[in-house]
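Reviewing the structure listed below.
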Amino acid sequence: MLVIRRRPGEAVVIGDGIEVEVLESSAGRVKLGIRAPREIPVMRKEVQDTREHNRSAAREIPLELLIPVLKRLGS
Amino acid sequence: MPQCETKYFESLNYEPGSEIEFPAGLPGFENCRWFLPLDDPARQPVLFLQSLEQPGLCFITVPVLAIDPAYQLALTAEDMGALALDATRQPVIGQDVLCLAVVAFGEDDVPTANLLAPVVISLKNGKAVQPIRDDVVYGCRHPLSLEQSPCS
């Protein structure tokens, strides 16, 4: 992983047309501004993780394997 | 009574008004708004969320409290507005809302529950959201296994 130290107001560029600027930084939190071409999706990683988990949940699930595990929950 | 084709059950009739609506869809399924909650006494505590728009789409969910009895909601004011809830306090699970974790079956055959983004259904207006928490308290792929203690 490439590691770069930046201060608020400074930016990095990725490829042709993507720019990530540090807008604010405070204890434990950083505010980023991202400029990217419209066709490049930009989202929090948790959003992508949840989309992938939902897609996986939407596939055919072998109920005979899953239900016994779930029935044990909370019992 | 309207009829619905389902993924895991036969086609069935349902009471008008028992549908739930995700006005913004779910992450990855933004165009799917209408679902029918289906439970099966033989499969408690599982609740199936069957799409009314796509018969082949059905999410398997379990109440978050069955996975973690101490689970705390962290809805934003915007989410609470969409659910017609009092925005001055977090809703009470079971009283104001149902709170369900979507379950997936991973490639390594370990079922996982998404506690980072639970489905929250308003008991007041039948609307639902799947908001993604802004903290790092709960995981997106919480493993559910036979050996797992309920609230690790």
Side-chain angles (χ1 to χ4, degrees), chain A residues 1-9 11-12 14 18-75, chain B residues 7-8 25-30 32 40 42-49 51 54 56-69 101-107 109-114 116-119 130-136 139-148 150-151:
Chain A
M1 183 188 286
L2 172 68
V3 179
I4 306 175
R5 288 181 194 279
R6 300 276 66 192
R7 293 191 177 84
V12 296
I14 302 170
I18 301 175
E19 183 177 318
V20 181
E21 182 179 340
V22 179
L23 300 177
E24 274 176 38
S25 112
S26 55
R29 225 168 158 89
V30 177
K31 188 170 174 182
L32 301 175
I34 298 153
R35 275 187 211 94
R38 194 170 290 278
E39 64 273 16
I40 303 278
V42 177
M43 66 187 83
R44 294 159 59 203
K45 183 166 188 301
E46 304 91 289
V47 175
Q48 190 183 37
D49 288 346
T50 289
R51 292 167 73 116
E52 286 172 3
H53 193 265
N54 278 351
R55 289 202 189 101
S56 169
R59 285 199 281 270
E60 196 69 40
I61 288 186
L63 290 186
E64 68 283 2
L65 295 179
L66 181 63
I67 299 294
V69 177
L70 301 184
K71 283 180 76 166
R72 281 179 168 80
L73 292 171
S75 59
Chain B
K7 180 174 182 177
Y8 294 112
L26 293 87
F29 296 87
E30 284 78 8
C32 297
D40 176 353
R43 289 162 169 167
Q44 293 278 353
V46 177
L47 192 70
F48 296 83
L49 289 185
S51 166
Q54 294 184 25
L57 176 62
C58 181
F59 292 109
I60 295 173
T61 71
V62 286
V64 291
L65 295 183
I67 300 168
D68 181 351
V102 174
V103 175
F105 209 63
E107 283 164 14
D109 282 356
V110 175
T112 57
N114 187 348
L116 176 73
V119 166
Q130 190 185 13
I132 296 159
R133 298 176 69 101
D134 198 22
D135 54 28
V136 289
C140 176
R141 288 184 172 78
H142 180 86
L144 304 172
S145 66
L146 295 176
E147 296 76 28
Q148 184 94 16
C151 47

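Labels below follow one simple rule: chain letters A, B, ... track the order of the sequence lines, proteins then strands, and each chain is numbered from 1. Computed from a prediction, not measured in an experiment: that's the story for all the values here.
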Looking at every heavy atom in both A/S56 and B/F105, which two are closest together, and how far apart are they?
OG-O, 4.0 Å
Cut-off 4.5 Å, heavy atoms of chain A, and the answer for B/C58 is backbone
Under 4.5 Å from a heavy atom of chain A, the part of B/Q54 involved
neither
Residues in side chain to side chain contact (heavy atoms under 4.5 Å, CB included) with A/R38, at least two apart?
none
Rounded to the nearest 0.5 angstrom, the NZ-CD1 distance for B/K7 and A/I61 is 6.5 Å
Contact class of B/L57 relative to chain A, heavy atoms under 4.5 angstrom:
side chain
In Å and rounded to the nearest 0.5 Å, what is the CD to CG distance from B/Q130 to A/N54?
4.5 Å
Residue by residue, scan residues 46-53 of chain A and write down, ordered by number, those that have a heavy-atom distance under 4.5 Å to chain B; if none do, write 'none'.
A/E46, A/V47, A/D49, A/T50, A/R51, A/E52, A/H53
What part of B/T61 gets within 4.5 angstrom of chain A, counting heavy atoms only: side chain, backbone, both, or neither?
neither
Where does B/V102 contact chain A at under 4.5 Å (heavy atoms): side chain, backbone, both or neither?
both
Atom group of A/R44 that falls short of 4.5 Å from chain B, counting heavy atoms:
side chain
Residue B/V62 versus chain A: region with a heavy atom under 4.5 Å:
side chain
Taking every heavy atom of A/E60 against every heavy atom of B/Y8, the minimum-distance pair comes out as OE2-CE2, 3.9 Å
Let me check something: any side-chain donor-acceptor pairs from residues 23-35 of chain A under 3.5 Å, sequence neighbours excluded? List them with distances.
unit_1, atom_1, unit_2, atom_2, d
A/R29, NH2, B/D134, OD2, 3.0
A/R35, NH1, A/E19, OE2, 3.0

Please give me the minimum heavy-atom distance between A/L73 and B/P45, naming the atom from each residue.
O-CG, 4.4 Å
Select, from B/V103, B/L116, B/V46, B/L26, the one with the greatest count of heavy-atom pairs under 4.5 Å involving chain A.
B/V103
Would you check if B/I60 and A/L70 make a side-chain contact, meaning some heavy-atom pair closer than 4.5 Å?
yes
Using 0.5 Å steps for rounding, measure from the CG atom of A/L63 to the CZ atom of B/F48.
5.0 Å
Among residues at least two apart in sequence or on other chains, which ones pass ring pair (Phe, Tyr, Trp, His ring centres under 6.0 Å) with B/F29?
B/F59
